Amino acid sequence: MTNRNKKNEFGLCDGVRVTSNGYEITTSRSNGSGVERVYNLPMVDEEKWIKEWENEGLHRALDGDKKQKFYLLVEFPYPSGAGLHVGHARSWSAMDAYARKKRMEGYNVLYPMGWDAFGLPAENYALKMGVHPSQVVPENIATFKKQCQALGLSFDWSREIDTTNPQYYKWTQWIFIQLFKKGLAYQAEVSVNWCPACKTNLADEEVLANGTHERCGSPTQRRPQKQWLLKITAYADKLLEGLETVDYSEDVKMQQVNWIGRKEWIDITYPVVGTNEKIVVSTTRPDTNFGATFVVVAPGHPILQTVKDRKVLEYAQKAENKSELERISQGKKKTGVFTGLYAVNQLNGQKLPIWVADFVLMTVGTGAVVGVPGHDKRDFEFAKAFDLPIVKVVDGDKMINSGFLDGLEIQTAISKMMDYLERKGWGKRIIRYNLHDWVFSRQHYWGEPIPIVHCPKCGPVAVPEDQLPVELPYLKKYEPSGTGESPLAKAADWVKAACPECGGPARRETDTMPNWAGSNWYFIRYLDNKNERELASKEKMKHWLPVDMYQGGAEHITLHLLYSRFIYRFLHEIGVVPTAEPYMKRRTHGIVLGADGRKMSKSFGNVINPDEIVRKYGADTLRMYEMFMGPFGQMVAWSDTAVEGVYRFLKRVWVLALSAKHEARSTSEAKARIARLVAKIGADIEALKFNTMVAAAMEYINWWQSHPDEVGKDVVEKFILGLAPMAPFTAEELWHKLGHTDSVHKQKWPEYDPKLAVEKQRVIVVQVNGKVRDRVEDGVDIEQRAALSDKVKKFIGGAKYRTIYVPGKIINFVCLT
RNA sequence: GCCGGGGUGGUGGAAUGGUAGACACACGGGCCUUAAGAGCCCGCAGUCCAUUGGACUGUGCGAGUUCGACUCUCGCCCCCGGCACCA
């Protein structure tokens, strides 16, 4: 016998049916061609709450509020044509739970969102669709925004920004001019990375270790070109030192340290035998110099100008024409030619033959290395290939065959040798970095115009600040030319300009900025997104900066994260921003893979559309599932069936909350458990352990379901408040169903007795020799009672023993043999 | 090669010195149902013995510290990420 369709028997509403042995939630709706089963929680009108929250301004951060501020930042997306990725949904939902809990705790929370809409992806997408980017971008932004809202993300939309808005990029250009004025933005003819597919130059950071473009995957080439560069190298040490003052996770720190790649080198001068020439080799390991048996110079090294041998020059010429990638790719057979010259190692007077080989690069050190085949793998291969002598100078971690260094440890030997070489005047210490200056111009249409005018008389001149922004002209045809000239060069009227210095005829710079330009400083603009006179007002910056928590992807650590730290430091030095570091805390999230464990991609057919999940199960299911998937910082694969598990949980929450006997008094067990749950949710959010947070809520529900009579209204309400950060819609709906008229998200985080939150272990584990043998109720005389246990006696036998008793935890009887 | 993070059931994972496997998925069994779906209940590391139940093994491998180790220490193997013929 069933109670089907008997509504309200337990105070349930439409869509929930109680059967003799449980409940069910089902609903169907007409979709035009028939009846479709809908799994969405039918009782939550998500759209109604989205509107209501927005109308009430529930998510607004208040300037000048007395409450303590908390600036929570997530990386703003490039609004692609594909719409929101479930990866965005994962990290933003988790941070949304963080923001919501902080608000309930009484913080004035700033959790903003905007759009990083300039750059190659937007332009390539527009080209593919045959539409102008200025039309595509707003459409994509609208889609993204709607998707964010559908997920219940509590962004403060009144602070929304868009990097392609002239009122925004006016200030991106303003920052460029400040850099230019300080000599930190400069033009130079340099060898740059060129992507033939995207037809533009790239920064070093945009080229992956295998030589391909990080965006499109095409192999890049090197070619010389006149470019705008930003002098990030001037900040290398500051960027390193700054890392000591912030709370970044270890992987983030190490990646930045590796990328900056600070090392102490020493440049050693060797006389060249029979000439007045000298050759300067550079090394980080001068301790091994007693083992040097040859010198290798890069093709293109100036010393080769003194060489007449045709074979040598031909080899050098050929090698120089090869790409760098080709020259240094691993496992390649060593090639090289003897130049006929010898250098003198002044340490021991030995004559070292000078070779030229393609694996030595002009761009590293001084373009000349000293070959120590006894200790270096690469030098060893070279020596083997050309039958050069090999001397061993390091044994274990001690120096041998090295004169005054013998017996010293490597580190000591390095500094002793450096001191010695400097004293003798043969060498000079120098700090070198892996980091190079940032190539900052692109030969593309869809970016911020670089605000410079080239005057034949005055050279490059900054556009006066009162004439900013230099607006991007509308071009119908904006395809990249591939010649290295920007499409903007075709806008003849726009290019023509008067020189701001002398008033004479001049030309505008036609290169644009890279897509990283707008994201360098976007978190500052959220503070004051309509300010027409400054980046943001001083007061607002002082109130909100620095960012308390910055959450984003691991793929941006040597790109955006490093760039924005550099720009922010510069702005601090010229007195614009109040602190030296922009982000107090940085954590990364893992990417969401397809169900097959591969990266989500159209070509694999494994893409999950968040809209689909929201339609089928509701936003709260998607949010909680994504938090539950696995550890937040770790890569995780999607699972369709695991989503169902979270959906089941929410259905149970619904039924239990509404069927609770409100007049019932909560038992002490129920109170202790809810105190523990609230404490756990709070602590797990702070530690970004969202997976165990969800698990704890599930555990509570499981207990509640088997003890329905123990839970009264007070505990139900605390549960709903605890649920509010992770499932904002369900919590809001239930809160109102319980008779409240105010939003659940305006409530205070539930208070609990900390003593209740500590779980008391009632059963004590009894071990014999460290192995669990029995369990005994805690209480008086527990040691004696435990010793009397049959199981314990059996394992002790008649042996003498001693007792380890950790009160409240464990008893261990250890036999003495 | 250097640096960072990891390795736990069929699967995702939990436990950071005190009962290994919370929570969830998958799987198996049962109830309910005309049926399907949904829901509810039970089982679920392995091996062996067994009537209730019990013994042994088990967190990549090998040692060590400890009354007690997934957790700490040392050595090794493997996976993921960063840097790199960087001299």
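All figures in this text were calculated on a predicted structure; none of them were measured in a lab. Naming convention: chains lettered A, B, ... in sequence-line order (proteins, then strands); numbering from 1 in each chain.
- In this structure, the salt bridge (charged side-chain N to carboxylate O under 4.0 Å, His left out) partners of A:Asp287, at least two apart in sequence or on a different chain, are A:Arg285.
- A:Gln634 comes within 4.0 angstrom of the backbone, heavy atoms only, and of no base.
- Residue order along RNA chain B, read from the 5' end via each residue's closest nucleotide, puts A:Val643 first among A:Val369 and A:Val643.
- Checked by distance alone, A:Asn258 brings no side-chain donor or acceptor within 3.5 Å of a matching partner on the base of B:C83.
- The base of B:C85 lies close enough to the side chain of A:Lys334 for a donor and an acceptor atom to sit less than 3.5 Å apart.
- Side chain A:Arg648 to base B:A24: no donor-acceptor pair is found below 3.5 Å.
- If you check every strand for non-hydrogen atoms under 4.0 Å, A:Asp376 touches nothing.
- The environment of A:Lys334 atom NZ is dense: over 12 non-hydrogen atoms of other residues, nucleotides or ligands sit within 6.0 angstrom.
- Relative to the side chain of A:Val765, the nucleotides B:G68, B:U19, B:A87 differ in distance, and B:U19 lies closest.
- Looking at heavy-atom distances under 4.0 Å, A:Gln767 makes contact with a base.
- Across all strands shown, A:Gly261 has no heavy atoms under 4.0 Å from either base or sugar-phosphate atoms.
- Taking every heavy atom of residues 684-692 of chain A and every atom of RNA chain B, pairs under 4.0 Å involve A:Lys689, A:Asn691, A:Thr692, by number.
- Within the 4.0 angstrom heavy-atom criterion, base atoms lie near A:Val360.
- Within the nucleic acid shown, A:Arg775 comes within 4.0 Å of at least one base atom, counting heavy atoms only.
- If you check every strand for non-hydrogen atoms under 4.0 Å, A:Tyr433 touches nothing.
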